[in-house]
Amino acid sequence: MTPDDLARIHRAAFVTPRPWSAAEIGDLLHAPGVFLDLSATGFAMGRVVLDEAELLTIAVDPAHQGQGTGRVLLGRFLDHARAKGAARAFLEVAETNSAARHLYETEGFTVTGKRPRYFQTPQGDRLDAILMAHALGAIA
């Protein structure tokens, strides 16, 4: 998939936080430690720095949401992070994104904090970001 393809999926999947452009995605893909896990209908992008992995984004085409693709991509992200030597993974998610929060919790992430008024909606409202982390064990 090209950065344009990834941006199309991201644009379809996200309103808040704002979708990323193809240029932003392309720049991230060239940054140190960044990796990409793909499916036909979505992607997860992460970064490992030292022993920590950050889930930068996970996006699934809305026509294919609710079919397990996000769970598969999250699992691939976690495996990829472990393989790159990460001992801990973290992410931030909009407080109103209950589907994503449920996915992360069922896959072992726990809430570690909150960034008040971190995300801005297209209408200008501010939403808290929920910080979550996951201790990574060795690949089974």
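- Note: Y118 OH to E92 CD = 4.0 Å, rounded to the nearest 0.5 Å.
- The CG atom of D61 sits 11.5 Å away from the CG atom of D5 when rounded to the nearest 0.5 Å.
- Across all non-hydrogen atoms, the minimal contact from A22 to A7 is N-CB, 3.5 Å.
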Exercise for review: Check the pair V48, H80 against side chain to side chain contact (heavy atoms under 4.5 Å, CB included), reporting the backbone distance first and the verdict last.
Suggested key: CA-CA 9 Å; V48 172; H80 207 149; over 6 Å; no
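- Annotation for R88 and A133: closest pair NH1-CB, 3.4 Å, computed over non-hydrogen atoms.
- With rounding to the nearest 0.5 Å, the separation of CZ in R82 from CG in L136 is 5.0 Å.
- Under the 4.5 Å side-chain heavy-atom criterion for ILVMFWY residues, no single connected hydrophobic cluster contains both V72 and L103.
- Under a hydrophobic-cluster definition in which Ile, Leu, Val, Met, Phe, Trp and Tyr are linked whenever side-chain heavy atoms come within less than 4.5 Å, directly or via other members, I9 and V60 are assigned to different clusters.
- Between A81 and A53, the shortest heavy-atom distance links the atoms CB-CB, 3.5 Å.
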Practice item. Please lay out, stage by stage, how F77 and I58 fare under the test side chain to side chain contact (heavy atoms under 4.5 Å, CB included). Key: CA-CA 9 Å; F77 160 79; I58 187 167; over 6 Å; no
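- Residues Q65 and A13 share a closest heavy-atom pair of NE2-CB, 4.1 Å.
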Point to revise | Residues Q120, R18; criterion side chain to side chain contact (heavy atoms under 4.5 Å, CB included); working and verdict | key: CA-CA 8 Å; Q120 183 171 336; R18 72 163 178 80; over 6 Å; no
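- Sorted by first then second residue, the salt bridge (charged side-chain N to carboxylate O under 4.0 Å, His left out) pairs that include residues 123-135, not counting sequence neighbours, are K114-D128.
- Counting all heavy atoms, side chain and backbone alike, A89 lies closest to L78 at CB-CD2, 4.1 Å.
- Between F109 and F90, the distance from one ring center to the other does not fall under 6.0 angstrom.
- No path of Ile, Leu, Val, Met, Phe, Trp and Tyr side chains, each step under 4.5 Å between heavy atoms, connects L91 with V34, placing them in separate hydrophobic clusters.
- L6 and F35 fall into different hydrophobic clusters, where Ile, Leu, Val, Met, Phe, Trp and Tyr side chains are chained together by heavy-atom contacts under 4.5 Å.
- Interatomic distance, T112 OG1 to L131 CG, rounded to the nearest 0.5 Å: 5.0 Å.
- A donor-acceptor contact closer than 3.5 angstrom is absent between the side chains of T69 and Q67.
- Note that CZ of R11 is 8.5 Å distant from CG of D4, once rounded to the nearest 0.5 Å.
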Point to revise | Test log, rule side chain to side chain contact (heavy atoms under 4.5 Å, CB included), inputs S39 and H64 | key: CA-CA 11 Å; S39 77; H64 300 276; over 6 Å; no
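- Atom CG of L55 sits about 7.0 Å away from atom OG1 of T57, to the nearest 0.5 Å.
- Both L38 and M45 sit in one connected hydrophobic cluster of ILVMFWY residues. Membership requires side-chain heavy atoms under 4.5 Å apart, directly or through other members.
- Between L28 and W20, some side-chain heavy-atom pair lies under the 4.5 Å cut-off.
- For F14, the ring pair (Phe, Tyr, Trp, His ring centres under 6.0 Å) test picks out H10, with sequence neighbours left out.
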